[in-house]
Enquirer: 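One structure follows; several queries about it will come next.
Chain letters run A, B, ... following the sequence lines, proteins first and then strands; every chain starts at 1.
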Amino acid sequence: MALSKELFDAILNGDAKRAHAATETALAEGAEPMQLIADSMVPAMDEVGKLFEAEEYFVPELLLAGRAMKSAMELIKPLLVASGQKMAVRVIIGTVKGDLHDIGKNIVASMLEGSGFEVIDLGADVSPEAFVAAVKERQPHIVCMSALLTVTMPAMKTTIDALSKAGVRTQVKVLLGGAPVTSQYAKEIGADGYSENANGAVGLVKSLLAVA
Amino acid sequence: MALSKELFDAILNGDAKRAHAATETALAEGAEPMQLIADSMVPAMDEVGKLFEAEEYFVPELLLAGRAMKSAMELIKPLLVASGQKMAVRVIIGTVKGDLHDIGKNIVASMLEGSGFEVIDLGADVSPEAFVAAVKERQPHIVCMSALLTVTMPAMKTTIDALSKAGVRTQVKVLLGGAPVTSQYAKEIGADGYSENANGAVGLVKSLLAVA
Amino acid sequence: MMITETVLKYSTLAIQRPDDLLYGVSPLPLACGLGLTIGAGQVFPEVNFTLPAMNIESGTWPVVVAHYDEMASQILRRAVSLGVHGIVLEFELLPPMTDHPVWGAEITAVLKRHLATAHEKYHLPCALRVTPTDIRDQQKPPLMRTGEPWRQLKQSLELCAKAGADILSIESIGGKEVHDQALMYGDFSGIVFALGVLAPRDMSWLWAQIGQICAAHPGVVSGGDSACGFANTAMQLAHQKMLPEVLAAVVRAMSAVRSLSAFEQGAVGPSKDCAYEGPILKAITGRPIAMEGKSASCAHFSPVGNIAAAMCDLWSNESVQNVRLLSGNAPEAYTELLAYDCRLMNTAACAPGGALQLRNWMVASDEWLSPQAAVLSPDAIIRIAAAIVATDTPYHRVIAAGQAAVQVLKDGVAEQKLHLSRKELQWLARIDEALERFPAEEDALLVDLEAQYGSLYDKASYGL
Amino acid sequence: MMITETVLKYSTLAIQRPDDLLYGVSPLPLACGLGLTIGAGQVFPEVNFTLPAMNIESGTWPVVVAHYDEMASQILRRAVSLGVHGIVLEFELLPPMTDHPVWGAEITAVLKRHLATAHEKYHLPCALRVTPTDIRDQQKPPLMRTGEPWRQLKQSLELCAKAGADILSIESIGGKEVHDQALMYGDFSGIVFALGVLAPRDMSWLWAQIGQICAAHPGVVSGGDSACGFANTAMQLAHQKMLPEVLAAVVRAMSAVRSLSAFEQGAVGPSKDCAYEGPILKAITGRPIAMEGKSASCAHFSPVGNIAAAMCDLWSNESVQNVRLLSGNAPEAYTELLAYDCRLMNTAACAPGGALQLRNWMVASDEWLSPQAAVLSPDAIIRIAAAIVATDTPYHRVIAAGQAAVQVLKDGVAEQKLHLSRKELQWLARIDEALERFPAEEDALLVDLEAQYGSLYDKASYGL
Ligand SMILES: [Zn+2]
Ligand SMILES: [Zn+2]
Ligand SMILES: [Zn+2]
């Protein structure tokens with residue numbers, strides 16, 4: 001429990017080195033990997049989320065915490081895979097074709113990662129074909145796409161249509177983000193949800209998966 | 001020719017009494033009704049239109065001229081009908097269901113009348129059924145409808161759909177007007193044209209009919 | 001002589017000197033809503049918002065409510081974020097919401113909830129103005145005091161008052177059935193008859209009713225009316241070059257007489273945003289007014305973008321649809337605009353003489369560029385207001401207001417400040433002459449106009 | 001020591017006293033376009049407009065052109081109707097229009113035709129600013145000086161110059177690949193490296209190229225850049241509570257160093273509307289600037305709605321889509337807003353001391369309500385500008401600008417004018433400390449940051 005508190009604090013304060021060390025020590029002392037996640041890491045990230053909600057933390061604190069969590073996970077992940085335990089939900093994310101504005105997308109990706117999801121970032125200017133290929137290959141639960149320009153918004157529809165045509169649309173939830181997008185537009189083009197900001201995006205992913 | 005000048009001037013100056021008297025005199029002196037229209041009345045209204053275009057005339061001058069022309073036509077119409085000659089193009093006009101704002105519609109109606117069209121004004125808040133009935137009964141060439149409220153715009157589509165369903169859509173040209181309407185909206189709902197102001201509406205009717 | 005139903009309460013000016021006619025300050029400030037006092041030194045935004053193009057019917061009702069919910073939340077979010085010192089939301093019912101009074105009341109309650117929350121959470125002083133649609137023009141000639149539309153309208157006013165309206169307003173249309181026709185033909189007899197006889201009679205009757213509804217609902221105040229259907233129609237037609245600007249300017253001045261009737265029946269302001277005749281009302285009654293100008297470019301263009309702000313107590317955007325812009329939704333974007341305009345005015349007002357200085361620049365920037373602006377300068381306002389209170393019936397007042405406005409324009413031309421085209425000058429002379437030729441009493445005018453306009457209006461609706 | 005590619009032209013201020021930093025007046029006015037002189041006493045609207053949501057491709061190209069045609073005609077109709085004394089239209093190319101340089105040039109020609117007609121018919125002084133998209137970020141790490149995107153961008157600049165642009169601008173993105181990441185992590189080392197080393201190097205190179213293109217096309221002037229991708233990104237993230245306001249404020253001040261590079265390479269203004277760092281550029285160079293504030297509520301919200309106008313020479317709306325409002329299309333509505341704002345400023349400027357008075361109210365209305373406004377007051381601007389010209393490399397200048405901005409904020413807090421939350425105060429202290437700890441020369445920083453940022457940028461693209 002003492003060690004678990006050390007890991008908790010390290011993540012809360014965004015200290016990646018300390019988080020890594022604390023995890024190493026805990027594992028060496030025989031801590032169960034799953035237990036470490038449940039007792040220290042998830043509560044730490046929950047606390048980070050609460051501080052962000054309360055406007056006590058800004059994005060930098062959030063991202064640093066995520067980075068600390070990730071450095072702990074680097075040690076834990078191989079153990080989980082070895083023991084056949086299932087990893088968290090997988091999310092594919094990218095900005096749509098023609099749109100190079102990726103700062104919002106990057107924040108969402110980091111925040112999702114910080115919340116314990118496995119995030120596959122396809123980057124910016126991602127073609128419908130690339131989205132389809134990634135869905136087929138990586139079998140994600142969620143596809144997030146964003147557009148910052150109104151003129152690239154139509155590419156969201158094209159991408160959703162391509163997922164349908166490839167027969168993989170029903171396997172995933174599709175979420176949209178970006179300033180010009182509206183929930184009505186999301187509905188019109190057949191997406192499953194929309195968030196107007198990065199913060200909402202994480203909540204949306206959680207609510208769609210009914211992950212507490 | 002002298003008398004024709006008198007009628008021309010009377011219309012140009014919007015003097016209904018004088019126009020009526022001039023027409024009476026001309027007819028008594030044996031003028032051909034059609035000739036009177038072609039030589040005096042149409043040129044007068046053309047001149048009025050030009051003055052309006054040049055911002056020399058405002059709507060009041062235009063409407064008074066139209067009223068003068070109408071008072072002359074009161075004498076001429078029965079003679080034309082008796083001799084089997086064809087009247088001008090027929091236009092049905094009204095504001096759509098739910099929309100009580102008729103001042104713009106009234107101006108368009110008067111301007112069309114002034115331009116020599118036969119105008120049947122259905123008034124304000126006209127239901128799709130009433131438009132259909134009027135088209136069936138009066139066999140107009142043109143149907144003009146206007147909406148001033150964005151919330152009544154959808155009634156334009158309902159009306160066009162009703163005309164189609166009743167099988168009379170192809171017999172008429174449908175024109176839209178009103179501040180919130182756009183040419184794109186007109187296209188989307190299958191209208192034949194749109195004008196953003198009363199002045200444009202007359203030009204639109206003329207161009208659609210290829211009436212000079 | 002005919003019995004006039006109208007009460008004439010005002011015979012002097014509450015504000016006598018043009019320099020005392022300032023934005024943010026009224027001799028009789030109004031406390032209303034949740035901790036808001038209007039006209040006590042500061043200008044507040046009044047935000048007005050409406051639906052995008054959509055059907056309003058039972059099936060779409062949840063979407064309608066969601067729109068209003070979203071708009072209120074976004075507007076107040078912006079207002080709080082920009083730290084406005086107070087705000088009024090105006091809910092202008094759309095016709096189907098007045099036809100179905102419970103619908104209008106439902107939206108009223110939704111909006112009031114948002115305001116109550118903002119007041120609780122952020123101590124935001126605020127109020128809700130609710131403006132049912134005047135739906136009494138559904139038949140020709142319209143019935144003003146009887147029939148189903150009036151019953152629905154009355155019920156709408158009552159239910160909205162009950163549901164949380166703080167201020168009741170209406171843009172009433174009594175006399176418009178004659179005015180529309182007269183305006184199109186530039187017929188001054190019909191215009192004066194509509195604005196000086198019919199409209200004040202309907203206003204007096206209607207606003208007495210509204211006064212009773214407010215009396216029955218403690219905390220709800222009787223706000224004021226707008227000559228929108230008269231003077232703003234003229235402004236828009238002038239904007240489209242359909243009518244002369246001078247005609248629109250004179251109609252504006254004359255329209256104040258009918259709008260004043262609301263105050264004579266107990267309205268306490270703020271008068272409606274689109275009532276550009278507001279400064280005349282403020283000079284006469286000392287009550288606060290709402291105005292709109294460049295801030296209402298979402299709703300209509302106007303030649304009075306800055307001068308309209310010069311004497312306002314609330315600064316409004318008239319109406320903006322819930323459509324998306326790059327920044328967010330348009331109602332939120334226009335809230336930001338209003339908030340910054342108010343901030344600037346209130347900042348200037350903190351300096352000694354600052355409000356007067358900024359007001360004078362607002363006035364000077366528009367005054368002589370359009371006849372419609374020229375009749376809105378503080379000087380012109382006081383001249384027109386003084387002419388109104390110096391006479392004894394609405395009919396005489398309308399003529400006096402028209403003559404005062406004509407004189408303002410003629411003086412501007414004579415002093416070579418106002419430059420008019422030949423056509424506008426001809427019309428100004430025509431209007432001047434027409435105003436000279438009116439019979440001494442309205443009875444004679446009524447008889448004169450019977451043939452031309454008698455069929456357009458219902459005499460009983462005006463107590464005639 | 002590493003060879004710096006940048007030229008440092010300015011070592012003194014063109015405007016030394018805060019009270020000489022006024023809207024409408026620049027020490028070096030700019031004559032450009034069709035009879036327009038900017039910065040010679042009046043503020044003019046700069047209207048910026050864009051497409052609604054739609055695909056841009058060969059099939060939709062006629063619709064695209066029709067939109068621009070409609071927007072230009074409606075904007076100019078309004079401008080003429082309101083009698084503006086001059087106007088600038090800005091055409092910001094969308095990425096596909098820069099990818100296909102002939103497309104951007106085609107729209108440029110369409111817009112210029114509209115301006116030429118308005119100039120001929122109504123003697124409207126006017127100019128066309130054309131701003132191709134900086135599309136060089138299409139691969140990771142981006143190639144700035146080679147590759148297809150740069151060739152397209154260069155061709156776009158050339159073809160637009162040929163097609164009728166009067167002013168060339170760009171919102172360049174050199175260094176953004178590092179800045180984005182550093183900003184998100186609040187890492188001041190990375191921010192200073194991006195703004196003080198990478199961005200000025202790219203700016204110097206790029207604006208030398210633009211200078212050559214302008215030299216080859218007589219009459220086309222080299223306008224200026226915007227730190228949009230840096231400082232406005234920070235502003236937007238602060239607006240969404242993602243980043244501290246104090247961080248955004250300091251980034252704003254520091255971003256002026258890179259934007260100044262354009263002027264060091266021969267740009268003559270007006271700098272870009274969304275470059276809120278503009279007043280710093282004006283103080284240093286004496287060149288006119290475009291600004292935007294409440295007028296840009298269609299494009300983004302901001303805490304600097306009024307203060308942004310205080311020192312502008314052009315007053316802009318940033319960007320508005322061709323969507324329908326109740327009044328007409330949004331570009332026309334925002335033109336009206338800009339025209340009235342300019343009218344008010346120009347009217348005040350006619351009175352002795354009027355511009356200074358109105359400017360002071362604009363400043364006072366926003367200054368202490370947000371750290372981002374606090375660094376934009378004329379006092380703060382002169383302090384930051386003076387700190388910049390007192391040092392000798394972009395790297396040192398960025399640190400000096402940051403320190404000056406921090407000092408402005410600390411003074412505001414000490415004098416109890418600026419009220420910051422505990423979190424904001426912590427961040428301000430953190431930034432203050434970080435700015436103390438930088439190595440003396442940029443070479444050392446480059447080495448320090450290699451591990452963290454080295455993979456994000458291409459050294460050759462910065463002459464490193
Ligand atoms: Zn109104
Ligand atoms: Zn920008
Ligand atoms: Zn811009």
Enquirer: Can you say whether C:L369 sits under 4.5 Å from chain D via the side chain, the backbone, both, or neither, judging by heavy atoms?
Expert: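 Side chain only.
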
Enquirer: Which one, D:S319, D:A333, D:S370, D:G354, leads in non-hydrogen pairs under 4.5 Å with chain C?
Expert: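 The option with the most such pairs is D:A333.
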
Enquirer: Taking D:V323, D:D366, D:T50 one by one, which has the highest count of heavy-atom pairs under 4.5 Å against chain C?
Expert: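 That would be D:D366.
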
Enquirer: Within a strict 4.5 Å, meaning less than it, do heavy atoms of the D:V320 and C:L326 side chains meet?
Expert: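 A side-chain contact is absent here, since even the closest heavy-atom pair is not under 4.5 Å.
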
Enquirer: Residues in salt bridge (charged side-chain N to carboxylate O under 4.0 Å, His left out) with C:K423, at least two apart?
Expert: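 For C:K423, the residues satisfying salt bridge (charged side-chain N to carboxylate O under 4.0 Å, His left out) (neighbours in sequence not counted) are B:E61.
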
Enquirer: Tell me, out of C:S295, C:G328, C:P303, who's got the most heavy-atom pairs with chain D below 4.5 Å.
Expert: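 Counting heavy-atom pairs under 4.5 Å, the top option is C:P303.
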
Enquirer: Taking only residues at least two apart or on different chains, which pairs with a member in residues 296-324 of chain C satisfy salt bridge (charged side-chain N to carboxylate O under 4.0 Å, His left out)?
Expert: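 Qualifying pairs, neighbours excluded: C:K282-C:D313.
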
Enquirer: Say whether, by atom type as modelled, one donor and one acceptor occur between the side chain of D:S327 and the main chain of C:S297 under 3.5 angstrom.
Expert: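 Judged by distance alone, yes, a pair lies under 3.5 Å.
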
Enquirer: Could you have a look at C:A330, C:A53, C:A351, C:S302 and say which one has the most heavy-atom pairs with chain D under 4.5 angstrom?
Expert: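 The residue among C:A330, C:A53, C:A351, C:S302 with the greatest pair count is C:S302.
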
Enquirer: Side chain, backbone, both or neither: which part of D:E332 has a heavy atom under 4.5 Å from chain C?
Expert: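 For D:E332, heavy atoms of backbone and side chain both lie under 4.5 Å from chain C.
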
Enquirer: Quick one: pull up CG in C:L325 and CG in D:L325 and give me the separation to the nearest 0.5 Å.
Expert: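 Answer for the CG-CG pair, C:L325 versus D:L325, is 6.5 Å.
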
Enquirer: By number, which residues in residues 75-86 of chain D have some heavy atom less than 4.5 Å away from chain C?
Expert: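 Listed by number: D:R78, D:L82.
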
Enquirer: For chain D, which residues of residues 337-349 of chain C have at least one non-hydrogen atom nearer than 4.5 Å to it?
Expert: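 So the qualifying residues are C:L337, C:Y340, C:D341, C:R343, C:L344, C:T347, C:A348.
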
Enquirer: Which region of D:V304, side chain (C-beta onward) or backbone (N, CA, C, O), has a non-hydrogen atom less than 4.5 Å from a non-hydrogen atom of chain C, or is it both or neither?
Expert: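 Interface part for D:V304: backbone (N, CA, C, O).
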
